[in-house]
Amino acid sequence: MSLNPTQIKNLKPEPGKKVTRHYDGNGLFLFITPQGGKWWRFKFVFAGKEGMLSLGTFPAVTLADARAKAEELKIMIKQGINPAVNRKVEKETQQKRETNSFELVAREWFAVQMTDKADSHKDKVIASLEKDAFPFIGGRQLDEVTPVEMLEVLRRVESRGAVETAHRVMNRCSQIFRYGVATGRCSSDPTRDLRGALKPIKKGHFSATTDPAAVGEILRACDNYHGSFIVTCALRLAPLLFCRPGEIRVAKWEDIDFAAREWRFKVSKTQNSGVTDLIVPLSRQALVILEEVKKYAVNSLYVFPGANAVDRPISNVALIAALRRMGITGDEMTVHGWRATARTILEEVLHYPAHIIEHQLAHMVKGPLGRAYNRTTHIEPR
């Protein structure tokens with residue numbers, strides 16, 4: 001006999017039985033547990049073998065719902081499809097979809113590939129993906145993202161005038177897709193078909209003053225700057241060390257050895273420089289500045305803590321903003337430009353050997369023997 005909704009609602013488990021079955025017909029029946037749980041089951045025969053599938057629980061799945069599901073399964077069997085195998089394939093496909101989204105694979109790539117990178121670089125990479133990629137293709141399956149779809153993502157970045165950022169996002173996405181190929185999550189990198197599709201980057205250099213007299217004026221301006229104490233000290237230290245602004249910004253006290261007069265840290269751009277750990281000798285003038293800051297930032301992890309939080313470094317625009325407030329324009333000098341200033345004046349005016357300067361700048365020394373140099377040597381001349 002066929003079941004009806006009222007009857008199903010009133011059905012109780014039979015005492016003494018492990019389970020109770022009530023049949024609706026055509027393979028559909030209700031499976032009642034001793035605790036009163038009601039489960040829909042569909043029994044079928046495919047290729048001479050019996051099989052059974054769960055269709056959900058009552059009342060979440062109504063009688064009408066269960067009958068409709070059973071009818072779909074019967075049609076599937078008539079078409080030569082094993083419903084149990086089909087369900088397994090669907091489940092595996094869904095699991096694959098849940099683990100193969102662009103964002104999940106990107107975060108996995110980030111965890112694997114960014115372990116030895118500086119925190120500042122890590123922050124920039126993940127921030128660019130979270131802003132410019134995840135909102136648009138984060139939920140898409142890696143192997144479903146097309147070149148056209150990828151180009152739309154990059155065009156959005158271009159449209160706000162951030163051409164260089166668009167190229168960086170494309171490069172990072174390319175690395176993610178290639179990681180997906182290597183781990184079996186996709187078969188190709190859609191960004192490889194976009195070469196030449198973006199606007200070209202206008203090549204340039206960080207502005208830097210190389211005339212000694214002009215450099216003197218900028219140094220005096222930095223000494224007389226009346227901004228915050230922390231920014232003033234960082235501003236005065238930058239031209240003494242020639243390190244990248246991001247490296248100075250996130251310098252930590254634990255890396256500074258006052259007794260040895262050295263600052264040891266991991267270079268932020270290891271891939272490009274070929275250098276991983278750098279020792280920066282600290283001059284008498286640099287030590288004086290650091291000792292002054294130490295009194296102020298005694299409870300901070302960072303040498304140059306932020307104004308509102310000692311557990312975070314100063315803003316990445318604090319130093320360049322200070323230069324601009326002093327009236328030093330972008331065409332005259334940038335904080336990064338101290339590296340070019342040092343490179344030029346040290347060699348052309350002060351006649352220091354090029355390989356000594358390159359060591360201080362954490363650059364890879366060119367030449368057949370350059371790569372074999374011990375990066376911790378030449379401390380005295382440096």
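Below, each value reflects all heavy atoms present in this structure, side chains not excepted, and no hydrogens, waters or symmetry copies.
D255 places no side-chain N or O within 3.5 Å of a backbone atom of A251 that could act as its donor or acceptor partner. Under the 3.5 Å distance criterion, the side-chain polar atoms of H336 are left unmatched by any main-chain donor or acceptor of G246. Here the side chain of R41 pairs no donor or acceptor atom with the backbone of F29 at under 3.5 angstrom. In terms of modelled atom types and a separation under 3.5 Å, the side chain of S128 and the main chain of V125 share a donor-acceptor contact. Here the side chain of T183 pairs a donor or acceptor atom with the backbone of Y179 at under 3.5 angstrom. Within the 3.5 Å criterion, the main-chain N or O of T33 finds no donor-acceptor partner in the side chain of K38. No donor-acceptor pair under 3.5 Å is formed between the side chain of H22 and the backbone N or O of T20. Side chain of R339 to main chain of F242: a donor-acceptor pair is present (N/O by atom type, distance under 3.5 Å, no hydrogens or angles). In this structure, R382 contributes its side chain and I279 its backbone to a donor-acceptor pair below 3.5 Å. Using a distance-only test at 3.5 Å, with no hydrogens or angles considered, no donor-acceptor pair links the side chain of E292 to the main chain of I289.
Counting only heavy atoms from C-beta outward, the side chains of R107 and I126 approach each other to under 4.5 Å. For the pair F102 and C173, the minimum side-chain heavy-atom distance is below 4.5 Å. Using a 4.5 Å heavy-atom threshold, the side chains of E262 and V280 count as separate. Residues F136 and R156 form a side-chain contact, since some pair of their non-hydrogen atoms from C-beta on lies under 4.5 Å apart. Here the side chains of L30 and I8 are in contact, with some heavy-atom distance below 4.5 Å. R343 places none of its side-chain heavy atoms less than 4.5 Å from the side chain of W338. Considering only heavy atoms from C-beta on, F44 comes within 4.5 Å of L53 through its side chain. Using a 4.5 Å heavy-atom threshold, the side chains of V215 and T341 count as touching.
Other residues, nucleotides and ligands contribute only 12 or fewer heavy atoms inside 6.0 Å of the CD atom of E50. For CG of N26, the number of neighbouring non-hydrogen atoms (other residues, nucleotides, ligands) closer than 6.0 Å is 12 at most. By the 6.0 Å contact criterion, CZ on R324 is enclosed, its count of non-hydrogen atoms from other residues, nucleotides or ligands being greater than 12. Around atom CH2 of W253, more than 12 heavy atoms belonging to other residues, nucleotides or ligands sit under 6.0 Å away. Taking a 6.0 Å sphere around NZ of K9, one finds it holds 12 or fewer heavy atoms contributed by other residues, nucleotides or ligands. No more than 12 heavy-atom neighbours from other residues, nucleotides or ligands sit within 6.0 angstrom of OH on Y352. Residue K199 places its NZ atom among 12 or fewer non-hydrogen atoms of other residues, nucleotides or ligands, all under 6.0 Å distant.
Between P147 and D193, the shortest heavy-atom distance links the atoms CG-OD2, 3.8 Å. A286 and L241 get closest at one heavy-atom pair: CB-CD2, 4.3 Å. For the residue pair F31 and R21, the shortest heavy atom distance occurs at CE1-NH2, 4.1 Å. Between L151 and A197, the closest heavy-atom pair is CD1-CB, 4.0 Å. Closest approach of L235 to A322, counting heavy atoms only: CD2-CB, 4.0 Å. Across all their heavy atoms, V317 and I320 have their closest contact at O-CG2, 3.3 Å.
For the atom pair Q141 CD and C186 SG, the distance stands at 11.0 Å (nearest 0.5 Å). Atom CG of residue L361 and atom SG of residue C243 lie 8.5 Å apart, to the nearest 0.5 angstrom. The distance from the CZ atom of F58 to the CG atom of L11 is 8.5 Å, given to the nearest 0.5 Å. Taking CD1 of I356 as the start and CD of E380 as the end, the distance is 11.0 Å to the nearest 0.5 Å. Rounding to the nearest 0.5 angstrom, the gap separating the CG atom in N82 from the NZ atom in K88 is 11.0 Å. The CD atom of Q360 lies 10.0 Å from the CD1 atom of I357; values are rounded to the nearest 0.5 Å.
In this structure, a donor-acceptor pair under 3.5 Å is absent between the side chains of N171 and S174. A donor atom on one side chain and an acceptor atom on the other are not found under 3.5 Å apart for Y225 and R236.
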Residues E247, R244; criterion salt bridge (charged side-chain N to carboxylate O under 4.0 Å, His left out); working and verdict: CA-CA 5 Å; E247 293 164 348; R244 297 176 179 87; 3.1 Å; yes
Stepwise side-chain contact (heavy atoms from CB on, under 4.5 Å) check, L290 with W263: CA-CA 11 Å; L290 290 170; W263 172 26; over 6 Å; no
Derivation of the side-chain contact (heavy atoms from CB on, under 4.5 Å) call for F42 and S54: CA-CA 6 Å; F42 176 71; S54 172; over 6 Å; no
Pair L129-I176, side-chain contact (heavy atoms from CB on, under 4.5 Å): steps then yes or no: CA-CA 11 Å; L129 292 173; I176 292 165; 4.0 Å; yes
Pair E108-R185, salt bridge (charged side-chain N to carboxylate O under 4.0 Å, His left out): steps then yes or no: CA-CA 12 Å; E108 182 182 320; R185 261 78 75 83; 2.8 Å; yes
Candidate pair K69 and W40, rule side-chain contact (heavy atoms from CB on, under 4.5 Å), full reasoning: CA-CA 10 Å; K69 288 185 178 183; W40 291 110; over 6 Å; no
Chi angles and distances behind the salt bridge (charged side-chain N to carboxylate O under 4.0 Å, His left out) call for R168, E164: CA-CA 6 Å; R168 285 177 179 158; E164 188 170 352; 2.9 Å; yes
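By the criterion of side-chain heavy atoms lying less than 4.5 angstrom apart, applied directly or through intervening Ile, Leu, Val, Met, Phe, Trp or Tyr residues, F229 is not grouped with Y302; the two fall into different hydrophobic clusters. Cluster annotation: L282 and Y296 are assigned to the same hydrophobic cluster (Ile/Leu/Val/Met/Phe/Trp/Tyr, side-chain heavy-atom contacts under 4.5 Å, transitive). Tracing side-chain contacts under 4.5 Å through hydrophobic residues (I, L, V, M, F, W, Y), one reaches V105 starting from V112; they form part of the same cluster. Note on L55 and V45: separate hydrophobic clusters, where clusters join Ile, Leu, Val, Met, Phe, Trp and Tyr whose side-chain heavy atoms are under 4.5 Å apart, directly or indirectly. Residues I248 and V250 do not share a hydrophobic cluster, clusters being chains of Ile/Leu/Val/Met/Phe/Trp/Tyr side chains in contact below 4.5 Å.
Ion pairing between E71 and K74 holds under the 4.0 Å rule for side-chain N and carboxylate O. Ion pairing of D24 with R67 is present here, as a side-chain N (NZ or NE/NH1/NH2) and a carboxylate O approach within less than 4.0 Å.
Of the candidates R172, R155, R160, R160 is the only one forming a salt bridge (Lys or Arg N to Asp or Glu O under 4.0 Å) with D132.
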